[in-house]
Amino acid sequence: MSSNTSSSGAVAGGADKNQPKTRSARAMDAVGEKAGEIFKEDFGNARKVAVEAMKSRAYLYPLKGIAYFLSHRSLWKPFLSRLGPLLTLSAGVVGSMFAFTYLPQLAVLVFVNGPLAVVSTVLLVLSESSAIINGVARGWLLQDAILDTFDGTLLARDAAGIVAEGRELRAGSSRDPMRRLGKVLRSPFDKFGPKAMIRYLIYLPLNFIPVVGTVAFVFLQGRNRGRSVHERYFQLKKWSNAQKKDWVDTHVGAYTSFGLIATVLEMIPIASMFFTYTNTVGAALWAADIEAHSTSLTKETAPNLRAAADKAAEKPEL
């Protein structure tokens, strides 16, 4: 009798194991797999990326963006048109984050960081606030303004040919490029997507490691930020996803160095949205230089050549 009972229990247990997973379980598995891919992608070539980032001069473009933006009043229009809502959003998010999350996070970090917890917690809250502000602003407030700023900067740098690939242009002088911007024909939607959110969340625990962890967190955020700065440029070039990936992977150090400086600037309370615009100007200046010069960094035909080679390799031999 007991034998039959145990057999029945074994069968029931086996049946439970063979039952299909629930939707929530499948979703958790998918998130786990995606997190694993992200870890492998970000840490696989960390040392190489760091060396390339130090050697690259792309980190100067966010600083050039500040100077160029301040000296070209015609580029101010998109920024000024969103200034009121941006200041309200930034002040509300930063104030709320410090009011409700600073002390709880400080209580946790003080056990691992000691006296340095005061500084590391401030950096953590600023990073969290920046992520929220950028996610909300880019998703709802800034899409059109950032697009106009990028395209307007290209026009100011006499790159009208490539801008015409993505929007209509009116006749006019390059001294006031914003007046020349017409109807958008191609519009990228650069939002704070699921993959970016997963990256942000899985790297948050790095802040529990004193100093080094916080630096690593900012570095990784900068790397991810850098990979997206030329989405509009790639769209205007009509590059495929494979071509974009090949280009960014080839110059990952340069994009990391740009993204690192851009991230640090955008972590500054209240002023973060101003630097979002100047970083956009810096990215456009870099794109204009890629168009204008042929250097080891800016050989814009490289992805096309690689794509052609890959296509040729796929053809069966006769």
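Basis for what follows: all heavy atoms, side chains included, without hydrogens, waters or symmetry-related copies. Small disclaimer: the values here were computed from a predicted structure and weren't measured.
Atom CZ of R73 has 12 or fewer heavy atoms from other residues, nucleotides or ligands within 6.0 Å. Atom NZ of K77 sits in a sparse spot, with 12 or fewer heavy atoms from other residues, nucleotides or ligands closer than 6.0 Å.
Looking at I133, L141, L89 one by one, the single match for side-chain contact (heavy atoms from CB on, under 4.5 Å) with M273 turns out to be I133.
In this structure, V252 and R223 have side chains that are in contact, with non-hydrogen atoms separated by less than 4.5 Å. Within the 4.5 Å cutoff, no side-chain heavy atoms of D246 are placed close to those of Q243. Counting heavy atoms from C-beta on, the side chains of F219 and T263 never come closer than 4.5 Å. By the 4.5 Å heavy-atom criterion applied to side chains, S272 and M267 are not counted as neighbours.
The two residues P104 and F100 make their nearest non-hydrogen contact at CG-O, 3.6 Å. Shown here for L109 and S120, the closest heavy-atom pair between the two residues is CD1-OG, 4.0 Å. Contact record, V281 with G65: CG1-O, 3.8 Å, taken as the closest heavy-atom pair. The heavy-atom pair separating V229 from A283 by the smallest distance is O-CB, 3.8 Å. Here the closest heavy-atom approach between residue L75 and residue M178 is recorded as CD2-SD, 3.9 Å. The two residues S71 and A67 make their nearest non-hydrogen contact at OG-O, 2.9 Å.
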| query | Which is it for D151 and R232 under the side-chain contact (heavy atoms from CB on, under 4.5 Å) test, yes or no, and what are the steps along the way? | reply | CA-CA 9 Å; D151 290 354; R232 175 59 171 172; 2.8 Å; yes
| said: Apply side-chain contact (heavy atoms from CB on, under 4.5 Å) to residues T278 and Y68 and explain how you reach the verdict. | reply: CA-CA 8 Å; T278 62; Y68 197 87; over 6 Å; no
| field | side-chain contact (heavy atoms from CB on, under 4.5 Å) assessment of M97 paired with I132 | value | CA-CA 10 Å; M97 290 296 291; I132 294 172; 3.8 Å; yes
| message | With side-chain contact (heavy atoms from CB on, under 4.5 Å) as the criterion, how do L86 and L142 come out once you've worked through the C-alpha distance, each side chain's angles and the decisive distance to 0.1 Å? | response | CA-CA 9 Å; L86 287 175; L142 299 183; 3.7 Å; yes
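Judged purely by distance below 3.5 Å, without hydrogens or angles, the side chains of Q105 and E128 pair a donor atom with an acceptor atom. No side-chain N or O of Y61 forms a donor-acceptor pair with one of N279 less than 3.5 Å apart.
Note on D148 versus R167: salt bridge recorded, some NZ/NE/NH1/NH2 to OD/OE distance being below 4.0 Å. Between R157 and E291 no salt bridge is recorded (no basic side-chain N to carboxylate O distance below 4.0 Å). Under the 4.0 Å criterion applied to side-chain N and carboxylate O atoms, R225 and E266 are assigned as salt-bridge partners. Ion pairing between a basic and an acidic side chain is recognised when a charged N comes within 4.0 Å of a carboxylate O; D249 and R227 show such pairing.
The NZ atom of K245 sits 12.0 Å away from atom OG of S240, with the distance rounded to the nearest 0.5 Å. Atom CG of L154 and atom OH of Y233 lie 9.0 Å apart (nearest 0.5 Å). Of the inter-residue distances, the one linking Y277 atom OH with L83 atom CG reads 9.0 Å to the nearest 0.5 angstrom. In this structure, OG1 on T101 lies 7.5 Å from CG on L124, to the nearest 0.5 angstrom. From N224, atom CG reaches atom CG of L260 across 11.5 Å, with rounding to the nearest 0.5 Å. A distance of 11.0 Å separates CG in L155 from CZ in F150, rounded to the nearest 0.5 Å.
In the hydrophobic cluster analysis, where Ile, Leu, Val, Met, Phe, Trp and Tyr join through side-chain heavy atoms closer than 4.5 angstrom, L63 is grouped together with Y59. In the hydrophobic clustering of ILVMFWY residues, with side-chain heavy atoms under 4.5 Å counting as a link, V94 and L106 come out together. Clustering ILVMFWY residues whenever any of their side-chain heavy atoms sit less than 4.5 angstrom apart, transitively, puts L103 in the very cluster that holds V125. In the hydrophobic cluster analysis, where Ile, Leu, Val, Met, Phe, Trp and Tyr join through side-chain heavy atoms closer than 4.5 angstrom, V110 is grouped apart from V112.
Checked against a 6.0 Å centroid threshold, the rings of H230 and W247 do not count as neighbours. For Y255 and H251, the ring centers sit 6.0 Å or farther from each other.
Side-chain atoms of E231 never come within 3.5 Å of backbone atoms of S228 as a donor-acceptor pair (strictly under, hydrogens ignored). S96 places no side-chain N or O within 3.5 Å of a backbone atom of V93 that could act as its donor or acceptor partner. Within the 3.5 Å criterion, the main-chain N or O of L87 finds no donor-acceptor partner in the side chain of S90.
Ring geometry for F79 against F69 counts as perpendicular: the plane angle is over 60°, on a 0 to 90° scale with 30° as the lower cut.
Every residue meeting the side chain to side chain donor-acceptor pair (under 3.5 Å) condition with S130, not counting sequence neighbours, appears here in chain and number order: N134.
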